[in-house]
Number of protein chains: 2
Amino acid sequence: MKSNKPATIKEIARKLKISPSTVSRALNDHPSIGLVTTMRVKKMAEELNYEPNQTAIFFKQRKTFTIGVILPALSEPFFSSAISAIEAIAEDRKYTVLLGQSLDDADREAKIIATFKKHRVDGILMSLGKNTTDLSFVEVLESSDIPVVFFDCVPESTSVHKVYCDLATGMDEAIEAFISRGHKNIALINGPETLLSATERTASFQEALLKHGYEFNDKYVVHTDLTEHGNHAAMEQLCVLPERPSAIVSFNDFVTLDVIKYARGKGIIVGQDMHFISFANYPLWKYMENPPLASIEQYPDEQGKKAAEILFEILESKEKVEPQEIIFSSKLVLK
Amino acid sequence: MKSNKPATIKEIARKLKISPSTVSRALNDHPSIGLVTTMRVKKMAEELNYEPNQTAIFFKQRKTFTIGVILPALSEPFFSSAISAIEAIAEDRKYTVLLGQSLDDADREAKIIATFKKHRVDGILMSLGKNTTDLSFVEVLESSDIPVVFFDCVPESTSVHKVYCDLATGMDEAIEAFISRGHKNIALINGPETLLSATERTASFQEALLKHGYEFNDKYVVHTDLTEHGNHAAMEQLCVLPERPSAIVSFNDFVTLDVIKYARGKGIIVGQDMHFISFANYPLWKYMENPPLASIEQYPDEQGKKAAEILFEILESKEKVEPQEIIFSSKLVLK
DNA sequence: TTGTACGCGTTATCAA
DNA sequence: TTGATAACGCGTACAA
C-alpha cells in the first residue's frame, strides 16, 4: 500500500535536486523551462504519485471553484431537476456543487448561507424558502463578494440577479383551456396568502378570467396551508358552494394530488365531474388513471441552467455584471 | 457599501498595535490572553467584520470539513431521501456536503471521484451506479486517506464499509402475502441479469417460493432493461404464458408504474385480475387509484443516516476502523 | 500575558 | 533557463 501523505512539489524538487519553483513551472508547462527538465519533473511526479494540493491553491488564489446551491427540498422533483441541470453546467466549468436544503426554514437557510460563506464558495444559486422574509443576507454576501443568483422563488428586489417563471402565461392558457371546454365555474385553490407566488396566482387568475369576459368571484378562490388537511379543507370549501366549480386550478401538483384523492372519496369523478390543472408538471402524471387535464410547466432545468450560466458569467467577468432578470413563460401541458 | 476584502488577523493586529498571534489567541479564547485584550480584539474584529479565512485553516489543518456524496440520480426519491438524511447528519457535525450524480455512468463516476479528491474531501459516501464494474478507485482513495462508505448499491468486497438492505426479508414477506391471498402463479419482473441486485432478487424469489412449498418455474422470471419499452415487453412475456400470473413482484416501483399502465391498456384490472408488489416504496402510491398491493421498503433515510454515521466515526477516530457491514432488513408495507 | 518565528503547498517576482 | 524569496492567513511552539 502506498503512503497516505501525497507527494508535494518540494519532495520532487529535493529528489531531483532542483528548486521547487522549477518544479512548479515544469508541471504547469511554463515555456521558460527546458524540455528535458520538464520531462524529468513530470516523470518523477508520476512516480511519486504527485497531486497538486488544491486546498493550497484555492487558498492562494482566493477561489474555491465551488458553488453553493440552496433550495427548499430535493424531495420536490422540481428542485431535483433544477439541481441536476446546475450540476451539469458546474461540471463543465470544473466547478463543484455544495448542497443545502432549507426545508422552507428561514433559520436553516441562514445557517446554510453562513456555512457556505465560511467555505468561501465562489457563488451561490438560491431558491428562497416559503417563509423567508429577511433578505439582508444578500447584502452581506455582496459585501463578501459572493454573487448570488436566485431562481424560481426569487425576491422582489430589482437589484438582484434572478431567473423565474412567469405564472401568468400558464394561468391564462389554463383558463382558456377550461373555458373552451365549456366550463362556467372555475375555481382556484391557492397557497397561503402570505406567499408572493400565491398573490401572483390570484392576480393572474383574475386577469385571465376578466380577459375572457368572465366574472371574478372571490368565493371561488380558496387557500390552503399546503398540508394534506389544508388541501382537503380548501376543497371542501369549494364543494359546499351553491354552484360547485367544475374546473379547478390549484397551487401546485401536490395540492392537486391531495385534492383528487379527496374528490375520489366523495365520489366525484375526475376528468368528468371535475377537471384540474395545476402548476409544476409533476413527472408521474402519466401513470395516473385519472390525471388532471393539464399541468403548467415551469421548466426547472431551464431555470437552473440559466441561473448557473448567469452565475458563471459573473464569476468569469472582471467588471460588475448588472442585475439580470430572466423570465421564462410557463406553459400549459395537456395530459 | 463595505469593502470586499474581508479583514484578516493581521489587520486587526495592526490597528490594535499588537501581534497577530495575540489576536489569533484572543479570537480563539485562549486562556493565556488577558480579558481586556480579548475584549478589545473581539470588538475590533466585529468592527472590521472579520471572518476567519477557512480556506487558510483548511489548508493548514489538512481538513476541509467537506464530505462528498455520489449517487446515481436525485430524480429517484430513494436517493433524495438518502441525501437529506446525510445532509442532516453532516450539518450536525459542521460538515458540508458536496454533491455528485453519476447517472449510472461509470465515467462520470470516475470524474466525480477525481474532482472530490482534488477538492480534498474528508470522506465519501457512495451508492454505485448500475454499470460500475471497476472498483479500483477504492484503493486509490484509500491510499489518499479518503475513507469511503458505500450504501444501498454496494460492492461485494468484504473489505469496504457498506450499509445496505437485505432484499430477502422483504421478498419473503411479499411471497407470503401473495400466497396467503391464494395466488398460485407468482412471477418476478426482474432488472438486467448483469446486476447483482437482480440476481439477488431471483435468488431470494426462488428461495421464498421453495420455503413455502411452491415450485420455482423460471418461465415466471422475466427481465427488463428498465426502459419503458423493456418494462412493457417483460410484462407482455408474462401475459402470453399459458397460465398468466395473478401476482407479480417487480424490480422496483418504476417498473411497476409502467407495467400497471400497460396492464390497464390491456383491460387488466389491477388489484383484482392482477396484483403487484415492488421494491422501493415510492412515496406517491397513496394517491393512486389502484395502487399495488404492497411495496418493499428499503429505508433510504436509515441507510443514509447510518452510512454517514459510520463515515464520521472513521473521520473522528484516530485508529483504523475495521470494515463495517450494516444490513437493514427490507420490509413489506401494505398499501 | 504577549511577541517572534515558522510552516502548511503553491506560485509570482525578481535576480542570476 | 533556473533559483531564491516572499506571500497568501492562520495557528502554535518557543521565547521573553
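Residue numbering restarts at 1 for every chain, and letters A, B, ... go by the order of the sequence lines. All values reported here derive from a predicted model rather than from experimental measurement.
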- Message: Please report the distance, rounded to the nearest Å, between CE in Met39(A) and P in dT2(D).
- Response: 14 Å
- Which residues pass the salt bridge (charged side-chain N to carboxylate O under 4.0 Å, His left out) test with Arg14(A), sequence neighbours left out? none
- Item | Passing candidate, ring pair (Phe, Tyr, Trp, His ring centres under 6.0 Å) with His119(B), options Phe58(A), Tyr95(A), Phe65(A) | Phe58(A)
- Query: So what does Thr37(B) hit on the nucleic acid, given a heavy-atom distance under 4.0 Å: a base, only sugar-phosphate, or nothing?
  - Reply: sugar-phosphate
- Task: Tell me yes or no: between the side chains of Ser24(B) and Ser21(B), is some donor less than 3.5 Å from an acceptor?
- Result: no
- Task: Would you mind telling me which of Ile70(A), Val163(A), Asp152(A) makes a side-chain contact (heavy atoms from CB on, under 4.5 Å) with Ser127(A)?
- Result: Asp152(A)
- Item | Gap between atom CZ of Phe116(B) and atom CD1 of Ile124(B) - 0.5 Å precision | 6.5 Å
- Letter per nucleotide, 5' to 3', of nucleotides 8-16 of chain D [B base touched, S only sugar-phosphate touched, - untouched; heavy atoms, 4.0 Å]: BBBBBB---
- Query: Considering residues at least two apart in sequence or located in another chain, which fulfil the salt bridge (charged side-chain N to carboxylate O under 4.0 Å, His left out) criterion with Lys15(B)?
  - Reply: none
- Of the residues in residues 12-19 of chain B, which ones touch DNA chain C at a heavy-atom distance under 4.0 Å? Ile18(B), Ser19(B)
- Message: I'd like to know if the side chain of Tyr164(B) pairs up with that of Glu325(B) as donor and acceptor (distance under 3.5 Å, no hydrogens or angles considered).
- Response: yes
- Met126(B) and side-chain contact (heavy atoms from CB on, under 4.5 Å): which partner among Val69(B), Val149(B), Ile113(B)? Ile113(B)
- Results of side-chain contact (heavy atoms from CB on, under 4.5 Å) for Asp134(B) - residues two or more places apart only: Ser136(B)
- More than 12 non-hydrogen atoms from neighbouring residues, nucleotides or ligands closer than 6.0 Å to CD on Glu316(A), yes or no? yes
- Taking 5' to 3' order, which nucleotide of DNA chain C is first and which is last to have an atom within less than 4.0 Å of a heavy atom in chain A? dC8(C) to dT13(C)
